[in-house]
Amino acid sequence: MGPEALGSLLAPGFVGATAAIGYLAFAYFLLTLDRGRANSPSKDDTQAGIKLVIWGLVIAGVATVSGGLVELLGYMLAGFKGGSGPVKHSLPTILVGALVVVVAAKAFLPRTNNSTFHQAERFALGMLGLGYGLMALFALNMLLEGLFNDAPWAANASSVASLLVGLAVAGFAIPRFGSMSGWTTPVAPAPPMQQPQYPPQGGYPPQGGGYPPQGGGYPPQGGGYPPQGGGYPPQGGGYPPQGGGGYPR
């Protein structure tokens, strides 16, 4: 095996190891600063160190898996050109990285207080979200540059593979990090209520009838108050009645 093949074989593992060591150093530094606060939630966490190591292994495993996936997806998207060499080269990388993630997450983390003190997990999710978000950004830039400059499809296929892997990891890490940080989904605004038309369609008062009703008023047409033909007192007689005595007689 030549130096180039050896370097290519160790590339995903080397990236994973570098990411894990960087995470461990930076997280220890942040944790030390955080514990200096009087109300620090991690001050009473006696397992912070072992959790940082375990999450460093998770990051190394994810980086190793993603490196193998980028190679395998790029080979598939390019049309399976180049024989079976890329498959034989990428599958061990994927299997080793997946094994590290499963052992660290399922065998080691449940033995810690990770479900109670989340600071180490928050640091790891933040690093994964930022790192793979940037990876997706750079891959998209390379893809567009290749399309605009008529690059061979093999190069564009590798950019597409990197973009997909970056979006997948960042799409998992960022929402989980956000939910642990207490973000909430924005509530859609309620639709505006329809205001009733005033006056109602047809006019106010309703068409076909008014107030007073058409054909009759107050007093009614054809008769007043007092009624026509008679008043108060009645026509032809007063009060007291004409032709009679008054009150008293």
Side-chain angles (χ1 to χ4, degrees), residues 8 10-31 34 51-78 86 90-91 93-106 108-109 114-115 117-148 151 154-187:
S8 177
L10 297 178
F14 177 77
V15 172
T18 304
I21 294 173
Y23 159 78
L24 193 62
F26 190 61
Y28 260 122
F29 174 72
L30 292 181
L31 196 62
D34 183 68
K51 287 186 298 183
L52 291 178
V53 171
I54 296 173
W55 278 108
L57 289 175
V58 172
I59 291 175
V62 171
T64 305
V65 171
S66 64
L69 284 176
V70 167
E71 183 180 2
L72 181 61
L73 288 176
Y75 166 73
M76 296 171 62
L77 293 173
S90 60
L91 283 182
T93 305
I94 296 173
L95 293 177
V96 169
L99 180 62
V100 171
V101 173
V102 170
V103 171
K106 299 298 182 181
F108 295 158
L109 272 181
N114 185 72
S115 60
F117 295 94
H118 305 287
Q119 200 68 359
E121 183 177 0
R122 287 160 59 92
F123 290 155
L125 292 174
M127 183 174 181
L128 289 173
L130 178 62
Y132 282 90
L134 293 176
M135 173 180 170
L137 178 63
F138 294 152
L140 179 60
N141 182 49
M142 292 177 59
L143 175 61
L144 295 179
E145 184 178 352
L147 293 176
F148 290 164
N156 292 334
S158 179
S159 299
V160 172
S162 299
L163 176 62
L164 293 177
V165 173
L167 289 177
V169 178
F172 169 79
I174 293 177
R176 181 169 175 80
F177 188 21
S179 64
M180 295 179 66
S181 301
W183 75 0
T184 56
T185 304
V187 179

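What you see below is based on every heavy atom in this structure, not just the backbone, and it leaves out hydrogens, waters and symmetry mates.
Rounding to the nearest 0.5 Å gives a distance of 14.0 Å between CZ of F108 and CH2 of W55. Taken to the nearest 0.5 Å, the CG atom of L143 stands 6.5 Å off from the CG atom of L140. To the nearest 0.5 Å, atoms CZ (F172) and CG (L128) are separated by 9.0 Å. Residue L72 holds its CG atom at 9.5 Å from CG of L77, rounded to the nearest 0.5 Å. A distance of 10.5 Å separates CG in L31 from CG in L24, rounded to the nearest 0.5 Å.
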request  = Begin from the C-alpha positions of Y132 and I174 and carry the test side-chain contact (heavy atoms from CB on, under 4.5 Å) through to its verdict.
outcome  = CA-CA 10 Å; Y132 282 90; I174 293 177; over 6 Å; no
task = Start with the C-alpha distance between T64 and V100, add both sets of side-chain angles, then the distance that settles side-chain contact (heavy atoms from CB on, under 4.5 Å), and finish with yes or no.
result = CA-CA 9 Å; T64 305; V100 171; over 6 Å; no
inquiry  = Could you walk me through whether K51 and Q119 satisfy the side-chain contact (heavy atoms from CB on, under 4.5 Å) test, starting with their C-alpha distance in whole Å, then the side-chain angles of each, then the deciding distance to 0.1 Å, before giving a yes or no?
reply    = CA-CA 9 Å; K51 287 186 298 183; Q119 200 68 359; over 6 Å; no
request  = For side-chain contact (heavy atoms from CB on, under 4.5 Å), just list the numbers for F26 and M127, CA-CA rounded to whole Å, side-chain angles, deciding distance to a tenth of an Å, and then say yes or no.
outcome  = CA-CA 10 Å; F26 190 61; M127 183 174 181; over 6 Å; no
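The shortest heavy-atom contact between A60 and A20 is CB-CB, 3.9 Å. Of all heavy-atom pairs between L52 and A120, the closest is CD2-CB, 3.7 Å. When all heavy atoms of A104 and I54 are compared, the closest pair comes out as O-CG2, 3.5 Å. A pairwise comparison of heavy atoms in I59 and Y23 identifies CD1-CG, 3.4 Å as the closest pair. For the pair A170 and G133, the tightest heavy-atom approach, listed with the atom from each and the gap, is CB-N, 3.7 Å. Looking at every heavy atom in both residues, A157 comes nearest to A78 through CB-N, 3.8 Å.
Under the 4.5 Å side-chain criterion, counting only non-hydrogen atoms from C-beta, V70 is in contact with M135. For the pair E71/T93, no side-chain contact is recorded, criterion being any heavy-atom separation below 4.5 Å from C-beta on.
Y75 and S90 are not linked by any side-chain donor-acceptor pair at a separation below 3.5 angstrom, with hydrogens and angles left out of the test.
Looking at S158, its side chain never comes within 3.5 Å of a backbone N or O of A155 through a donor-acceptor pair.
Other residues, nucleotides and ligands place more than 12 heavy atoms under 6.0 Å from the CE atom of M180.
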